Amino acid sequence: MIRKFALENERSERYPLDNARITGLAIGPSGLGMVNEARYIQVGDHFAHDFLRNAQDAIRVTAYHIGKNAYQQYQQMVNFIMSASQLRLVYSVPLGTEYGVYYRDVDLSSIEKSEIQEYGRLPVPMVFNCTTLWYQSRGVIYDVETLEGETRYTMQYDMIFNDNSALGFDAKNNGHVPAAIHMDIEGLSEYPRLDIVGSYGEAYQAYLPAIVYPGDIMSYSSEDKNLYAYVQRANGTNENLLSAMLNIDGNDMFIKVPIGVSQIRLSSTTGVLARSIVRMLIFFRTV
């Protein structure tokens with residue numbers, strides 16, 4: 001098994017870079033590690049960092065196209081990249097007998113093109129500027145359906161029910177920084193609340209100040225580059241909750257999951273949440 005690369009657009013359409021005679025073969029990558037920006041202050045014979053933060057990374061890779069259709073393959077790849085309004089790099093890493101798949105949002109910085117070389121090879125060096133860390137998405141779906149007076153539950157992972165209006169589950173963030181939350185709530189729910197308690201007792205709360213009626217969908221994201229909170233009403237209008245959430249007791253309502261094992265709890269002042277989807281975006285500085 002070897003590592004593989006692909007490109008993916010905003011519609012989740014994927015362009016593989018694992019076959020030199022069909023779509024191109026990405027080899028010789030660089031920039032897959034990590035870079036820190038730091039400034040230090042000398043204290044006697046030692047140095048203490050004044051600040052330490054991530055530096056923006058750039059990934060360089062060469063896509064090889066081979067054969068009589070090399071130019072057509074090149075044009076096909078470029079067309080995919082240029083037609084995408086959002087682009088991410090998909091990196092599949094062999095982990096034993098399976099692949100671990102990681103994603104990274106990128107912007108194209110440059111593409112170089114030369115002539116076909118010996119053995120019909122057309123090398124195409126590319127540079128991508130990274131706009132996120134590497135990440136994986138892990139989700140929990142809580143679904144309730146009532147049929148003939150009987151309530152049925154469809155879910156992933158073990159849930160904890162403390163009353164009729166709350167659900168909880170353990171979530172493991174094995175990444176390198178706190179994980180972001182993406183959440184959707186459908187059906188009747190009044191003023192939902194999201195609680196996260198870390199393994200060291202640290203606690204975070206997010207209150208969503210709205211009532212979700214049947215046919216509505218409430219959506220929430222604490223991803224740094226994609227913060228949002230709104231209700232899509234059944235009539236097609238959107239109710240933006242951002243300004244209301246920023247003024248709740250002066251607290252940050254866009255919370256994240258600490259590194260390690262945390263308890264995540266979703267509750268409401270009305271009955272059992274009809275359908276809730278909670279996803280964690282787990283970020284890695286290098287994979």
Side-chain angles (χ1 to χ4, degrees), residues 1-38 52-67 69-95 99-117 121-138 175-180 182 221 223-227 279-287:
M1 298 175 69
I2 60 173
R3 61 187 180 186
K4 298 186 294 185
F5 291 93
L7 295 170
E8 193 169 275
N9 64 19
E10 70 280 2
R11 297 181 296 275
S12 298
E13 297 168 342
R14 188 169 294 188
Y15 187 91
L17 291 170
D18 59 2
N19 191 313
R21 296 187 178 276
I22 300 177
T23 55
L25 176 63
I27 64 173
S30 65
L32 300 179
M34 53 179 279
V35 179
N36 283 329
E37 287 182 353
L52 181 67
R53 63 188 180 193
N54 298 339
Q56 186 176 15
D57 295 324
I59 294 176
R60 293 169 170 80
V61 66
T62 299
Y64 274 87
H65 305 275
I66 298 177
N69 295 322
Y71 283 127
Q72 289 86 342
Q73 293 173 27
Y74 164 80
Q75 194 64 56
Q76 178 179 301
M77 180 185 71
V78 170
N79 288 345
F80 180 88
I81 294 173
M82 300 308 296
S83 65
S85 61
Q86 298 175 18
L87 197 64
R88 63 180 181 174
L89 189 64
V90 184
Y91 184 37
S92 300
V93 184
L95 301 173
Y99 280 99
V101 181
Y102 300 88
Y103 302 88
R104 197 161 195 179
D105 295 355
V106 296
D107 290 330
L108 176 68
S109 176
S110 66
I111 294 180
E112 296 182 27
K113 177 177 176 290
S114 60
E115 300 297 326
I116 291 182
Q117 300 177 354
R121 297 180 301 174
L122 178 62
V124 182
M126 298 183 289
V127 180
F128 297 95
N129 291 329
C130 303
T131 60
T132 66
L133 302 179
W134 294 103
Y135 60 88
Q136 292 181 319
S137 176
R138 299 178 189 170
H176 300 154
V177 298
H182 284 184
S221 167
E223 183 183 359
D224 287 338
K225 62 175 290 189
N226 192 28
L227 294 174
R279 299 184 183 89
M280 283 198 310
L281 285 185
I282 301 177
F283 293 96
F284 304 86
R285 297 199 59 196
T286 183
V287 295

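Please read these numbers as outputs of a predicted model, since none were measured by experiment. One is the number of the first residue; the rest follow in order along the sequence.
Between S110 atom OG and F128 atom CZ the span is 9.0 Å, to the nearest 0.5 Å. Atom CZ in R279 sits 11.0 Å away from atom OG in S221 (nearest 0.5 Å). Atom CG in L122 sits 9.5 Å away from atom CD1 in I66 (nearest 0.5 Å). Taking CG of L87 as the start and CZ of F80 as the end, the distance is 7.0 Å to the nearest 0.5 Å. With rounding to the nearest 0.5 angstrom, the CD1 atom of I27 is 11.5 Å from the CG atom of L17.
Inter-residue side-chain proximity for H65 and Q76 is flagged as unmet; no heavy-atom pair is nearer than 4.5 Å. Contact check for Y135 versus V177: no side-chain heavy atoms found under the 4.5 Å cut-off. Using a 4.5 Å heavy-atom cutoff, the side chains of F5 and D18 are not in contact. Side-chain contact between W134 and M34 is absent, with no heavy-atom pair separated by less than 4.5 Å. Contact of the C130 side chain with the I59 side chain is registered, since non-hydrogen atoms from C-beta on lie closer than 4.5 Å. Proximity of V78 to V124: side-chain heavy atoms (C-beta onward) are nowhere separated by under 4.5 Å. Y71 places a side-chain heavy atom less than 4.5 Å from the side chain of E115. Contact annotation: the side chain of D57 never approaches that of R285 to less than 4.5 Å [non-hydrogen atoms, C-beta and beyond].
With sequence neighbours excluded, the residues satisfying salt bridge (Lys or Arg N to Asp or Glu O under 4.0 Å) with E37 are R53. The side chain to side chain contact (heavy atoms under 4.5 Å, CB included) test applied to D224 returns K256, not counting sequence neighbours. With sequence neighbours left out, Y64 forms a ring pair (Phe, Tyr, Trp, His ring centres under 6.0 Å) with no residue at all.
Side-chain atoms of E10 come within 3.5 Å of backbone atoms of Q86 as a donor-acceptor pair (strictly under, hydrogens ignored). Within the 3.5 Å criterion, the main-chain N or O of T131 finds no donor-acceptor partner in the side chain of Q56. When atom types are taken as modelled, the side chain of T23 and the backbone of P16 share a donor-acceptor pair closer than 3.5 angstrom. Formation of a donor-acceptor pair under 3.5 Å by the T62 side chain with backbone atoms of G28 is not found in this model. Put simply, the side chain of T132 gets close to the backbone of D105: a donor and an acceptor are under 3.5 Å apart.
Of all the heavy atoms in A26 and V61, the pair that sits closest is CB-CG2, 3.6 Å. Among all heavy-atom pairs drawn from P123 and P125, the shortest one is O-CD, 3.7 Å. Contact detail for Q73 and Y15: the closest heavy-atom pair is O-OH, 3.6 Å. Nearest heavy atom pair, residue T286 against residue G33, reads OG1-CA, 3.5 Å.
Of the candidates R3, R104, K4, R3 is the only one forming a side-chain hydrogen bond (donor to acceptor under 3.5 Å, both in side chains) with Y91.
Ring geometry for F284 versus H176: interplanar angle over 60°, hence perpendicular rather than tilted (30 to 60°).
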